[in-house]
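These numbers come from the heavy atoms of this one structure, side chains and all, not from hydrogens, waters or symmetry mates. Protein chains get the first letters and strands the later ones, always in sequence-line order, with residue 1 at the start of each.
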Number of protein chains: 2
Amino acid sequence: MNLNDINCSEYLNSSNSIFNILSNTEKNTLLKNHTLSSYKKNDVIFKEGEIPNSILCLIEGKVKILKKGVGGRSQILKMTKPIDIIGYRALLADEPYISSAIALEDTIICAFDKQELKELIHNNNDFAIKIIQLLSSELGFSNKKIVALTQKHIRGRLAETILFLKNTYGFEEDNCTLNICLSREDLANLSNMTTSNAIRTLSTFANEAVISVKGRKIKITDFKKLQKINDLG
Amino acid sequence: MNLNDINCSEYLNSSNSIFNILSNTEKNTLLKNHTLSSYKKNDVIFKEGEIPNSILCLIEGKVKILKKGVGGRSQILKMTKPIDIIGYRALLADEPYISSAIALEDTIICAFDKQELKELIHNNNDFAIKIIQLLSSELGFSNKKIVALTQKHIRGRLAETILFLKNTYGFEEDNCTLNICLSREDLANLSNMTTSNAIRTLSTFANEAVISVKGRKIKITDFKKLQKINDLG
DNA sequence: AAATTTGTATGTTTTTTAACATAAAATTAA
DNA sequence: TTAATTTTATGTTAAAAAACATACAAATTT
């Protein structure tokens, strides 16, 4: 899609957008001063340590949010899809980014000024409450992840990642192929394991007929068994 | 301290309280309908799965927030001190609790009605913004914890826990003894390791003269070395 | 098309951590 | 007080996961 074809107003009104409760005046204020950018696969959108100066709205594509640990290993904290907002936590906490955002495929992002967002929150209470709901549900998600990533074994962790990807991106038309293509390394960085272990465990799952793998396409062939592996940990 | 001696209004006005920006009218509304309860050490304040119906304010004592994982092992997600608020995440996300709260020592808690909190947020924008700041800084904390707990080795994780306890509860008058007493099991559950490993690693740190241990009292004797262990992971 | 780089697959070894076992010390209850 | 239970300490073994090594396939660059 070409940048010139993007109609941001349409995205603000979308049913999944947190902006859809804004008044027309508020939406227009946002739209008056927005920036559209496009990113190629693997482009860095923002980086750990940078100061946020706008709120980003993912119009098209997929973006991973990751944080590097001691050994330089990355942990993917979040996977986003249109029309999620990105990078608002650091902005709202008045902190530099503690994570980086990288495009997983060609991506279009609409940026609104930081100050305008803050004014919106300040003037529109329903919007503030939507942000509160967003943050508190994300915090719950993050807390659950702490326990899953630290306590489950490799098989359980990878199974959880596959089910998570299904919930986030859904299936293709065949109703069983994950609607996202990731490298084995990304799968590993989602699941807190080495790339080798992601590759090996993926092969094992395929041998056990839980999934089938063709390149980066993953089909879930035995959903119940996958859930069992996830539940057992 | 006796429950009858508690003056809740004093706590609402305290400089650490998120309630201190409220108007007198708002504070009085809160105070009109509050419940004080006291808990003994190890008492359960709320439990995973329960429905939150009030926001809890820790007036006195210390409380751990923990979540059980697959094998029944607990991960301590948060350590609280006066006058932190407790259990607000689930309440704000309109979800059941995903974690439990347990008193670490004799504790006094003041509960305000859920609905009143929601009305406050709805009517007082500055208060909503304070909640947003609280949630977003907690989310950052949680995300950092994901990476630390999954990527650091045992020594680094325990060092981080000790430094975290120092930051949260500070030192006693001697300027080196942690102002909190925890069982080895709690230290383990903070650091994502077995109790055996917490005991062993604590002994090693003591042998290396990084800390000194007397029962449950921990003294930091070599702060720089402890930070180095923490940084190395 | 050939060459180079990157990603995937799989076997082997080493490290880390958990599990298990036992005993002593410290609390708590009878 | 004694007895029982819980907590701490430490040694040993077993399991899980990382690290390493190598080969092959796929994608990219030249």
Side-chain angles (χ1 to χ4, degrees), chain A residues 40-43 64 69-75 102 104-106 147-161 181-208 211-218 229 232-233, chain B residues 40-43 69-75 102 104-106 147-161 180-208 211-218 229 232-233:
Chain A
K40 294 263 156 226
K41 191 176 168 176
N42 294 324
D43 279 357
K64 62 181 170 184
V70 273
R73 246 172 76 205
S74 297
Q75 173 67 45
I102 294 176
L104 286 164
E105 45 187 66
D106 294 357
V147 179
L149 287 180
T150 56
Q151 299 201 10
K152 283 184 171 182
H153 284 178
I154 280 195
R155 285 169 59 87
R157 268 149 38 209
L158 186 64
E160 177 156 328
T161 290
C181 288
L182 291 176
S183 67
R184 305 294 194 264
E185 190 182 1
D186 279 338
L187 286 172
N189 291 343
L190 273 165
S191 316
N192 179 34
M193 62 185 67
T194 56
T195 307
S196 295
N197 274 327
I199 291 169
R200 215 183 297 268
T201 311
L202 216 58
S203 300
T204 314
F205 283 177
N207 282 333
E208 293 169 353
I211 60 173
S212 89
V213 178
K214 197 172 185 179
R216 292 187 177 181
K217 289 274 179 200
I218 297 176
I229 296 171
L232 284 176
Chain B
K40 295 263 155 224
K41 191 177 170 177
N42 294 323
D43 278 357
V70 273
R73 245 173 74 206
S74 296
Q75 173 65 45
I102 294 176
L104 286 164
E105 46 186 66
D106 292 357
V147 179
L149 287 180
T150 55
Q151 298 201 10
K152 284 185 170 182
H153 285 178
I154 279 196
R155 284 170 60 89
R157 271 157 25 217
L158 187 63
E160 177 156 329
T161 290
I180 182 171
C181 287
L182 291 175
S183 67
R184 306 293 194 264
E185 190 182 0
D186 279 338
L187 287 172
N189 291 343
L190 273 166
S191 316
N192 179 34
M193 61 185 67
T194 55
T195 307
S196 296
N197 274 326
I199 291 169
R200 215 183 296 269
T201 311
L202 216 57
S203 301
T204 314
F205 284 177
N207 282 333
E208 293 169 356
I211 60 173
S212 90
V213 178
K214 197 172 187 180
R216 293 186 177 181
K217 288 274 178 200
I218 297 176
I229 296 171
L232 284 176

Value rounded to 0.5 Å, distance of CD1 in B:I199 from CE in B:M193
11.5 Å

From B:L190 CG over to B:S74 OG, what is the distance, rounded to the nearest 0.5 angstrom?
11.0 Å

Please classify the nucleic acid contact of A:R155 as base, sugar-phosphate, or nothing, using heavy-atom distances under 4.0 Å.
nothing

Chain B footprint on DNA chain D, 5' to 3' - any atom under 4.0 Å from a heavy atom
D:dT7 to D:dT12

Between the main-chain N or O of [Y] and the side-chain N or O of [X], is there a donor-acceptor pair closer than 3.5 Å?
| X | Y | answer |
| --- | --- | --- |
| A:R73 | B:Q151 | no |
| A:T150 | A:V147 | yes |
| B:D43 | B:K40 | yes |
| A:R184 | A:T195 | no |

Could you walk me through whether B:K41 and B:L104 pass side chain to side chain contact (heavy atoms under 4.5 Å, CB included), step by step?
CA-CA 5 Å; B:K41 191 177 170 177; B:L104 286 164; 6.0 Å; no

Any side-chain heavy atom of [X] sitting closer than 4.5 Å to one from [Y]?
| X | Y | answer |
| --- | --- | --- |
| A:L149 | A:Q75 | yes |
| B:L182 | B:R216 | no |
| A:R157 | A:T201 | no |

Strand contacts (DNA chain D) in residues 193-203 of chain A, 4.0 angstrom heavy-atom criterion
A:M193, A:T194, A:S196, A:N197, A:R200

Distance, rounded to the nearest Å, where [X] contributes [atom1] and [N] contributes [atom2]:
| X | N | atom1 | atom2 | value |
| --- | --- | --- | --- | --- |
| A:K152 | C:dT17 | NZ | C1' | 20 Å |
| A:I154 | C:dA18 | CD1 | P | 14 Å |
| A:E185 | C:dT6 | CD | C1' | 10 Å |
| B:H153 | C:dT14 | NE2 | P | 17 Å |
| A:L187 | C:dA9 | CG | C1' | 15 Å |

Angle between the two end axes of the helix from C:dA1-D:dT30 to C:dA30-D:dT1, five base pairs per end, rounded to 10 degrees?
40°

Worked check of side chain to side chain contact (heavy atoms under 4.5 Å, CB included) between A:R155 and A:T204:
CA-CA 9 Å; A:R155 285 169 59 87; A:T204 314; 3.8 Å; yes

